[in-house]
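These notes concern the structure reproduced below.
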Amino acid sequence: MIRSHSCGELSLPQVGQTVTLAGWVASRRDHGGVIFIDIRDRYGLTQIVFDSEENAPLHAVADRLRNEYVISITGKVSVRPDESENLHLPTGRIEIRAQTLELLNEAKPLPFSVEDDVHTSESLRLEHRYLDLRRPKMQQLLQLRSQVSHLTRQYLHEKQFIEVETPILTKSTPEGARDYLVPSRVNPGDFFALPQSPQLFKQILMIGGLDRYFQIARCFRDEDLRLDRQPEFTQIDLEMSFVEREDIMQLIEDLIRLLFKDTKHIDLPNPIPRLTYEEAMSRYGTDKPDQRFELLLQDLSEFAKTCDFQVFRRAIESGGMVKGLIIPKGAAFTRNRIDNLIETAKEFGAKGLAWVKINDEGQLDSSIAKFLNTAALREALPSANPGDLLVFVADQATTVHQVLGRLRLLLGEELQLVDRTRWEPLWVTDFPMFEYDEASQRHVALHHPFTAPHPEDIPLLDSAPLEAKTLAYDLVLNGFELGGGSIRIHSPNMQEKVFDLLKISKEEAREKFGFLLDALESGAPPHGGIALGLDRLIMLLGQTESIRDTIPFPKTQKAQCLMTHAPSSVAPEQLQELSIRTTTKKPTADS
RNA sequence: GGGGCCGUCGUUCAGCCAGGUUAGGACGCCAGAUUGUCAAUCUGGAAGUCGCGGGUUCAAAUCCCGUCGGCCCCGCCA
């Protein structure tokens, strides 16, 4: 070892010892006769003193040190003189009086300085990720990630889970997200796909009698990126046999509470509250509500039935609804601000946004006031107070919920209603089995086509499939979907029926999922599972703004790596070997 | 596929709306001074094809068009 201690551990008890530290030069303060160097490693920062009176030749060497040089120094741990302690540093009561200095490596002046409050663009950070990773914040996030993985493994091993690796080169299943494809050289013209999730393999493992499987699994989806979406991401993926929905939810609740407690000393509620999909949509306009603030959707449909405002009446008559938000103190909004709100609502898909101010005397102040009975409206919205602004959307339920759900989030931010100290986990259950997709004129699975229906809803599959609910559950935290799972279909007959309802023909089902159908016919146990997004979990636990901060080498929004410049063109010989011809005009790389 | 914001010394910003001397500040860098700093300080210095291409103009960082790149959002993400 070329060090005896780390840069974060020395303090008063070690005073008098001779130690060797190694690390990067974090800062150099040259006072002429004396030079202070802060040496940094993953564990912290320690001040080194070079005194020209004590050791003139060494002081001369220290004079040449620059930021981010890699050095090793040996010296004596000493108490700092009075008045010169730095109480902001854990090592701030001591310093090392240098006796020898070894320069292990130099560094050019760097494109940005290694500090926590980076004043630099993210693209530069990504291009020089090795520098960015030296920042304490990035190191803490990666350490947190490692800790969460470790605790999860430990917890699941204790519960008899077996960690299994499923294939990365697998079969393309074109339902759902786009696949990343990998050409097969040995089978010209054929392609592997990278897994979007280990879904089918983990079900096969249950049929294979593994009973309890987990994997910290890399997943790939070739879709456009977002703040919380990367093309490759990691899921804590698990599956269990002979269980019911409650068993899995309980297991995951305990895990997530343990993770928050052990890493950040945060006590999540026990039990974690639950809403059905229907309740979530109805109150929050979304299936992943952020419950750190109220601003609930208010149902005004009853009032709308009898009021004189045609827009409201017609919405009800054509099978829609009228819902609104009570914006506290919103009566103070200027006309301009309300107009902007209306524009935003239209961008979100509304035909318009009706608004009513309740003035300080309790009277309505609005262009549609003449159509509304003040007393009836106040009675329909008992929680609205003088000084509030009411906004309403009248439309079909889907539109009303989507528009108001998004307005709610926007206003929550704008009006600073979000309490950032709160942690609000939530289970959302009883998702519908299907949605009707207008574009393709057929039912599509809301979750995935292997999700089991509620036992009492099975008859609905024939009579009213859109009303059938599933045994699915999503875990939501502060408005982010942390993960989701379900009890799966284990009956081959039910699985065929669901494929049928999804208009997947027998031949198609056989070709895509034949192995699963065969497996289901060979003694499949009842089973279910869940997958949690590890990257998002770390983002929330680590309180960082982007999923990219939790991934050591993330991609940009164009799905590129700025450090390696992947993806890149390849040599023509490589393509030829793979029997591939590209249609772009871009030149291929020279070999 | 669509909408928005951004691109100026190594870095981060100002300048752009209202075109006109040597494009300016801070940090960093280089040199010198400095024996108790920890955002060290003081003095001096170097450093920019204003993302790229085209256009308008006597004159473009500034106005117009295109293009490339980064970020945010919609679509998409069973």
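Side-chain atoms are counted along with the backbone in the values below, which use heavy atoms only and exclude waters and symmetry mates. Letters A, B, ... are given to chains in the order of the sequence lines, protein chains preceding strands, and every chain is numbered from 1.
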**Request:** Determine the interatomic distance between C1' on B:rG15 and the same-named atom on B:rC58; round to the nearest Å.
**Result:** 23 Å
**Request:** Return the set of residues passing ring pair (Phe, Tyr, Trp, His ring centres under 6.0 Å) with A:His448 (not counting sequence neighbours), or none when no residue passes.
**Result:** A:Phe450
**Item:** Nucleotide forming a Watson-Crick or wobble pair with B:rU57, both distances under 3.5 Å
**Value:** none
**Prompt:** Is there a Watson-Crick or G-U wobble partner for B:rU22 with both distances under 3.5 Å, and if so, which one is it?
**Reply:** none
**Request:** Send over the distance from A:His31 NE2 to B:rU41 P, rounded to a whole Å.
**Result:** 9 Å
**Prompt:** Which is true for A:Arg97 with a 4.0 Å heavy-atom rule: it touches a base, it touches only sugar-phosphate, or it touches nothing?
**Reply:** base
**Request:** Ignoring hydrogens and angles, state whether a donor on the side chain of A:Asn55 or A:Gln99 is under 3.5 Å from an acceptor on the partner side chain.
**Result:** no
**Prompt:** Looking across every strand, which nucleic acid part, if any, lies under 4.0 Å from A:Ser52 by heavy atom: base, sugar-phosphate, or nothing?
**Reply:** base
**Prompt:** Does a side chain donor of either A:Asp290 or A:Tyr284 reach within less than 3.5 Å of an acceptor in the other side chain?
**Reply:** no
**Request:** Using the C1' atom as the reference point in each nucleotide, state the distance between B:rC63 and B:rG44 in Å, no decimals.
**Result:** 40 Å
**Pairing nucleotide - B:rC71, Watson-Crick or G-U, each distance under 3.5 Å** = B:rG4
**Message:** Any base atoms under 4.0 Å from A:Asp51, or only sugar-phosphate, or nothing? Heavy atoms, all strands.
**Reply:** base
**Asked** When we call it a touch if two heavy atoms are under 4.0 Å apart, what does A:Pro111 touch: a base, just sugar-phosphate, or nothing?
**Response** sugar-phosphate
**Item:** Under 3.5 Å on both distances, the Watson-Crick or G-U partner of B:rU37
**Value:** none
**Request:** Mark yes when over 12 heavy atoms from residues, nucleotides or ligands other than A:Arg218 sit less than 6.0 Å from its CZ; otherwise mark no.
**Result:** no
**Item:** Integer angstrom distance from the P of B:rG48 to that of B:rG25
**Value:** 15 Å
**Asked** Can you tell me how far P of B:rU35 sits from CG of A:Asn55, to the nearest Å?
**Response** 17 Å
**Complete:** Atom CD of A:Glu68 and atom C1' of B:rC29 are separated, to the nearest Å, by 14 Å
**Side-chain H-bond candidate by donor/acceptor type, A:Gln215 with A:Thr166, under 3.5 Å** = yes
**Complete:** Any strand, both distances under 3.5 Å, Watson-Crick or G-U wobble: B:rU62 pairs with none
**Message:** Please determine whether a side-chain nitrogen or oxygen atom of A:Ser113 lies at a distance below 4.0 Å from atom OP1 or OP2 of B:rC27.
**Reply:** no
**Prompt:** Quick one: what's the B/S/- string for nucleotides 67-77 of chain B, heavy-atom cutoff under 4.0 Å, read 5' to 3'?
**Reply:** --SSBBBBBBB
**Prompt:** With a non-hydrogen cut-off below 4.0 angstrom, is A:Leu124 in contact with a base, only sugar-phosphate, or nothing?
**Reply:** sugar-phosphate
**Complete:** Nearest-nucleotide check on RNA chain B, A:Asn67 vs A:Gly92; residue mapping nearer the 5' end is A:Asn67
**Complete:** The reported gap from CD in A:Glu435 to CZ in A:Arg442 (rounded to nearest 0.5 angstrom) is 11.5 Å
**Message:** Please name the nucleotide paired to B:rC16 by Watson-Crick or G-U wobble geometry with both distances under 3.5 Å, or report none.
**Reply:** none
**Asked** If you measure from the P atom in B:rU62 to the same atom in B:rA23, how many Å do you get, rounded?
**Response** 15 Å
**Item:** Spacing between A:Asp30 atom CG and B:rG28 atom P, to the nearest angstrom
**Value:** 14 Å
**Aromatic ring pairing A:Tyr473/A:Trp427, orientation class (parallel under 30°, perpendicular over 60°, tilted between)** = perpendicular
**Request:** Describe the nucleic acid contact of A:Glu85 in one word from base, sugar-phosphate, nothing, applying a heavy-atom distance below 4.0 Å.
**Result:** base
**Item:** From B:rA40, B:rU35, B:rU37, nucleotide with atom closest to A:Val34 side chain
**Value:** B:rU35
**Prompt:** Does B:rC42 pair with anything, Watson-Crick or G-U wobble, both distances under 3.5 Å, and if so, with which nucleotide?
**Reply:** B:rG32
**Item:** Gap between atoms CG and P, on A:Asp38 and B:rG36 respectively (whole Å)
**Value:** 17 Å
**Prompt:** Can you tell me how far P in B:rU11 sits from the matching atom in B:rG19, rounded to whole Å?
**Reply:** 30 Å
**Request:** In whole angstrom, give me the gap between the C1' atoms of B:rC29 and B:rC9.
**Result:** 11 Å
**Prompt:** Roughly, in whole Å, what's the span from CZ in A:Phe50 to P in B:rG36?
**Reply:** 18 Å
**Request:** Please state the P separation for the pair B:rC64 and B:rA60 - nearest whole angstrom.
**Result:** 16 Å
**Prompt:** Side chains of A:Thr544 and A:Lys137: do they bring a donor and an acceptor to under 3.5 Å?
**Reply:** yes
**Request:** Evaluate the criterion salt bridge (charged side-chain N to carboxylate O under 4.0 Å, His left out) for residue pair A:Arg40 and A:Glu68; output intermediate values, then yes/no.
**Result:** CA-CA 9 Å; A:Arg40 183 195 65 237; A:Glu68 302 307 315; 2.8 Å; yes
**Request:** Could you tell me the separation between the CD atom of A:Glu53 and the P atom of B:rU34, rounded to a whole number of Å?
**Result:** 14 Å
**Asked** Under 4.0 angstrom, heavy atoms only, what part of the nucleic acid is A:Arg80 near: base, sugar-phosphate, or nothing?
**Response** base
**Message:** What contact category does A:Glu83 fall into here, base, sugar-phosphate, or nothing, at under 4.0 angstrom with non-hydrogen atoms?
**Reply:** nothing
**Message:** Would A:Phe112 count as stacking on B:rU11 if stacking means ring centres less than 5.5 angstrom apart and planes tilted under 30 degrees?
**Reply:** no
**Separation of B:rC38 P from A:Arg40 CZ (nearest whole Å)** = 19 Å
**Prompt:** Think A:Arg406 forms a cation-pi with A:Phe348, using NZ or CZ under 6.0 Å from the six-ring centre and within 45 degrees of its axis?
**Reply:** yes
**Message:** Considering every strand and a 4.0 Å limit on heavy-atom distances, what is the contact class for A:Leu446: base, sugar-phosphate, or nothing?
**Reply:** sugar-phosphate
**Fill in**
For B:rU49, the nucleotide meeting Watson-Crick or G-U wobble distances (both under 3.5 Å) is none
**Inter-nucleotide C1' distance (B:rG10, B:rU35), Å rounded** = 32 Å
